[in-house]
Engineer: 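Here's a structure for you.
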Amino acid sequence: VYQNASGATSASATITNAATKTITVSGTGDATATNDAYAGGFGYGFSQEVTATVGTETDGVGIASITNSGTINISGTASASATDTAAGVADAYAGAFGAYQSAQATSASAIFTNSGTFNIDANAHATAVGTASVDAYAGGVNQFATGSAALVSFTNSGTFTVDAVAAADAPDSDAYATAYGYIGSGDPLTGAFTNSSNMGVSANATAALSAGAGALGAGFYATEGSTTGTDSNWTGINTLGGTVSNSGTLTVTASAAASDTEVGASSAYATGIEMESSVNTATITNTGTLSVSAITGQGGITEATGIRILSFTPTNGTVPGVDDVLTINNNGGTIIARRSGDGGATWTHGVAIDTSDSPNPAVINLTGGAVKGVIYGGIDVSSVDTINVSSGLTEFDGVVNPGGELEGQLNIAATGTLYLKDKPWANTSYDGPSAVNVDDFNIAAGGTLAVDLPTAPVAADAELAYPVVTANTANI
């Protein structure tokens, strides 16, 4: 479905799929040949372009809206087979794209709401005696809004899944799979993202020589603009604000397996939530589960990040003000960022929260909620960032500043308990003792630092592996 709406003072485009309705879009390509075979299968769901224009300037109100309370299935499938000689080549390319929304006006809004089932699936497979190459790309919802007030809004209270699978079966083969759940972009940008149910994004690639997979849960990018004039003036504002809330389950998985044992033959990159801007005053709140996994076989390259904040710094771009602060809250929620180089048999720490490249100071609030908060993976902060532990128990299995930098501040309030885990026995997710590396470490009266002290046959060996806090200044 394609909609284009424009008007002098207002314009809108609306798509509604009712609870009793099902929309299915399927693009399929299938090719078999003795020598060379090529197949492409692509499925496209919805596209909306809305512009409110007066003369040559965008003005007025522009709204692009999609609401689904039924079932939407978008798929792209490609299968190619070269059956004869080793000189034969099989290529398969599959793409599936759920929704694209663009709104340009003084007040511009792109709005997506799902309370039903929204499935996006790209599947590509190639088989050959000689060479095979496969690419699969799956995208959920992509929103763009620009204007004096630009809003991108995503709400999921149903089931939202995006999957990309690329499989190549040949002695000389490569496969790449990429998937994203949500992307919001614009300038200046306000995000309103809410997941209160099940949202899953996965990319899976398998091949003989090279396999790569990349998966992103939700990304927010205020990076629009260009350079003009002799002074290289940057036209973008590039500020990012609003809220991101996860009270459900957001699962992001990237998995790649190449049978070749060469280092780097397989690589997997998975990110839960990513933001990039020149100024970031957004608030991210997790009360549910954010689980991010990067998996390879044969010891490939893995990168798993739960929440990543990036700085966008064009020449002569917007500079953060003294009061600009990013806030990240984990209130009784679970954040897992994990990596595996043996197909998921064992796990090591990824980075649960990374604000080391934030354009302005970040405050990370870890609270226990009704039971406890759980963090698996590192927390990487900059010198101007603060971590606050309060209101109950936070269970931490990772390292604050994994590179050993003594940066930032960590405070344990009177109501807070920070538990540094060290469970080496019968633990397939063990990656050494938890640790804290900061500039300033403070425990208020009534606050608690709890640590595991595992035993070992030799006491000195156990002591070397205990959780440790290292700081330039400590007030306890």
Side-chain angles (χ1 to χ4, degrees), residues 15 44-48 64-68 72 74 95-103 108-122 137-146 150-164 177-186 189-203 214-224 240-254 269-277 280 282-286 288-292 305-310 335:
I15 295 172
Y44 298 90
F46 311 95
S47 180
Q48 297 175 313
S65 176
I66 296 174
T67 301
N68 175 54
I72 295 175
I74 311 295
F97 307 91
Y100 173 74
Q101 298 172 288
S102 173
S109 300
I111 303 169
F112 176 88
T113 304
N114 177 59
S115 59
T117 299
F118 191 85
N119 294 321
I120 310 300
D121 180 58
Y137 193 101
V141 174
N142 190 333
Q143 296 178 325
F144 172 79
T146 184
L151 171 69
V152 291
S153 174
F154 174 96
T155 302
N156 176 56
S157 59
T159 299
F160 185 100
T161 60
V162 180
D163 299 307
T178 304
Y180 70 82
Y182 172 79
I183 290 178
S185 62
L189 186 64
T190 299
F193 178 97
T194 300
N195 176 53
S196 60
S197 189
N198 296 311
M199 181 174 179
V201 180
S202 68
L216 169 67
F220 303 83
Y221 306 100
T223 57
E224 296 295 315
L240 174 59
T243 60
V244 175
S245 174
N246 177 53
S247 59
T249 299
L250 173 53
T251 304
V252 181
T253 304
Y269 302 88
T271 303
I273 298 169
E274 183 173 80
M275 293 180 165
E276 184 176 6
S277 61
N280 192 332
T283 297
I284 302 172
T285 300
N286 179 56
T289 298
L290 171 60
S291 181
V292 179
T305 306
I307 300 171
R308 175 190 284 126
I309 310 300
L310 300 173
I335 302 176

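Positions are given from 1, in the same order as the sequence printed here. This one's a predicted model, so the numbers in the text were calculated from it and none came from an experiment.
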Engineer: Mind checking what makes ring pair (Phe, Tyr, Trp, His ring centres under 6.0 Å) contact with Y180, not counting sequence neighbours?
Structural biologist: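 For Y180 there are no ring pair (Phe, Tyr, Trp, His ring centres under 6.0 Å) partners, ignoring immediate neighbours.
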Engineer: Listed by chain and number, what are the side chain to side chain contact (heavy atoms under 4.5 Å, CB included) partners of L189, not counting sequence neighbours?
Structural biologist: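 In terms of side chain to side chain contact (heavy atoms under 4.5 Å, CB included), with neighbours along the sequence ignored, L189 is linked to V152, A222, L240.
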Engineer: Report the distance from atom CG of L250 to atom OH of Y182, rounding to the nearest 0.5 Å.
Structural biologist: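 Answer for the CG-OH pair, L250 versus Y182, is 13.5 Å.
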Engineer: So N286 and I284, do their side chains get closer than 4.5 Å, heavy atoms only?
Structural biologist: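 Of all side-chain heavy-atom pairs linking N286 with I284, none is under 4.5 Å.
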Engineer: Grab the two heavy atoms, one from A96 and one from A122, that are nearest each other, plus how far apart they are.
Structural biologist: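 Of all heavy-atom pairs spanning A96 and A122, the closest is N-CB, 3.9 Å.
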Engineer: Applying the side-chain contact (heavy atoms from CB on, under 4.5 Å) test to Q101, which of I66, I15, N142 qualifies?
Structural biologist: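 Looking at I66, I15, N142, the match for Q101 under the side-chain contact (heavy atoms from CB on, under 4.5 Å) is I66.
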Engineer: What pair of heavy atoms forms the shortest contact from G45 to I74, and how long is it?
Structural biologist: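 Result for this residue pair: CA-CD1, 3.7 Å.
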Engineer: Going by salt bridge (Lys or Arg N to Asp or Glu O under 4.0 Å), name the residues that satisfy it together with E276, two or more places apart in sequence or in a different chain.
Structural biologist: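 Once residues adjacent in sequence are excluded, E276 has no partner under the salt bridge (Lys or Arg N to Asp or Glu O under 4.0 Å) criterion.
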Engineer: Report the distance from atom CG of N246 to atom CG of N195, rounding to the nearest 0.5 Å.
Structural biologist: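 Spacing of CG (N246) from CG (N195) equals 5.0 Å.
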Engineer: Identify the two heavy atoms, one from A138 and one from I120, that lie closest to each other, and give their separation to 0.1 Å.
Structural biologist: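 In this case the closest contact between A138 and I120 is CB-CG2, 4.3 Å.
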Engineer: When rounded to the nearest 0.5 angstrom, what distance separates CE in M199 from OG1 in T161?
Structural biologist: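 Those atoms lie 10.0 Å apart.
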Engineer: Using a 4.5 Å cut-off on heavy atoms from C-beta on, say whether the side chain of F118 contacts that of N156.
Structural biologist: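 The answer is no, as the side chains (C-beta and beyond) never meet within the 4.5 Å cut-off.
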Engineer: When the ring centroid of F46 is compared with that of F112, is the distance short of 6.0 Å?
Structural biologist: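 F46 vs F112: aromatic centres not under 6.0 Å.
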Engineer: Apply the test side-chain contact (heavy atoms from CB on, under 4.5 Å) to residues F193 and I273: give CA-CA distance (whole Å), side-chain angles for both, the deciding distance (0.1 Å), then the verdict.
Structural biologist: CA-CA 11 Å; F193 178 97; I273 298 169; 5.8 Å; no
Engineer: Which heavy atom in A164 sits nearest to a heavy atom in T178, and how many Å separate them?
Structural biologist: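 Minimum heavy-atom separation between A164 and T178: CB-O, 3.4 Å.
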Engineer: If you measure from CG on L216 to OH on Y269, what distance do you get to the nearest 0.5 Å?
Structural biologist: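 Here the rounded value is 15.0 Å.
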Engineer: With S197, which residues qualify under side-chain hydrogen bond (donor to acceptor under 3.5 Å, both in side chains), at least two apart?
Structural biologist: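 S197: no side-chain hydrogen bond (donor to acceptor under 3.5 Å, both in side chains) contacts found.
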Engineer: Looking at residues at least two apart in the chain, or sitting in another chain, which of them share a ring pair (Phe, Tyr, Trp, His ring centres under 6.0 Å) with Y221?
Structural biologist: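 Y221 satisfies ring pair (Phe, Tyr, Trp, His ring centres under 6.0 Å) with no other residue.
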Engineer: Can you name the closest pair of heavy atoms from F220 and A218 and give their distance?
Structural biologist: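 Closest pair (atom of F220, atom of A218, distance): CE1-CB, 4.0 Å.
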Engineer: What distance do I307 atom CD1 and E274 atom CD have between them, rounded to the nearest 0.5 Å?
Structural biologist: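 Those atoms lie 12.0 Å apart.
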Engineer: Taking side-chain hydrogen bond (donor to acceptor under 3.5 Å, both in side chains) as the test, write out the residues that go with E224, two or more places apart.
Structural biologist: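 Here no residue qualifies.
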Engineer: Listed by chain and number, what are the side chain to side chain contact (heavy atoms under 4.5 Å, CB included) partners of A203, not counting sequence neighbours?
Structural biologist: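 Residues passing side chain to side chain contact (heavy atoms under 4.5 Å, CB included) with A203: A177, A179, A213, A215.
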Engineer: Got a sec, which residues hit ring pair (Phe, Tyr, Trp, His ring centres under 6.0 Å) with F144, two or more places apart in sequence or on another chain?
Structural biologist: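 With neighbours one apart ignored, the set is empty.
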Engineer: Of all the heavy-atom pairs spanning Q143 and A110, show the shortest one and how long it is.
Structural biologist: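 So the two residues come closest at NE2-O, 3.2 Å.
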Engineer: With sequence neighbours left out, write down each residue that passes side-chain hydrogen bond (donor to acceptor under 3.5 Å, both in side chains) with S185, or none if nothing qualifies.
Structural biologist: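 Not a single residue meets the side-chain hydrogen bond (donor to acceptor under 3.5 Å, both in side chains) criterion with S185.
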Engineer: Who are the side-chain hydrogen bond (donor to acceptor under 3.5 Å, both in side chains) partners of D163, not counting sequence neighbours?
Structural biologist: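 In terms of side-chain hydrogen bond (donor to acceptor under 3.5 Å, both in side chains), with neighbours along the sequence ignored, D163 is linked to S202.
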Engineer: Can you sort out the partners of T113 under side chain to side chain contact (heavy atoms under 4.5 Å, CB included), two or more places apart, ordered by chain and number?
Structural biologist: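 T113 satisfies side chain to side chain contact (heavy atoms under 4.5 Å, CB included) with T67, I111, T155 only.
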Engineer: According to side chain to side chain contact (heavy atoms under 4.5 Å, CB included), who are the partners of T249, at least two apart in sequence or on a separate chain?
Structural biologist: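 T249 satisfies side chain to side chain contact (heavy atoms under 4.5 Å, CB included) with N198, T251, T289 only.
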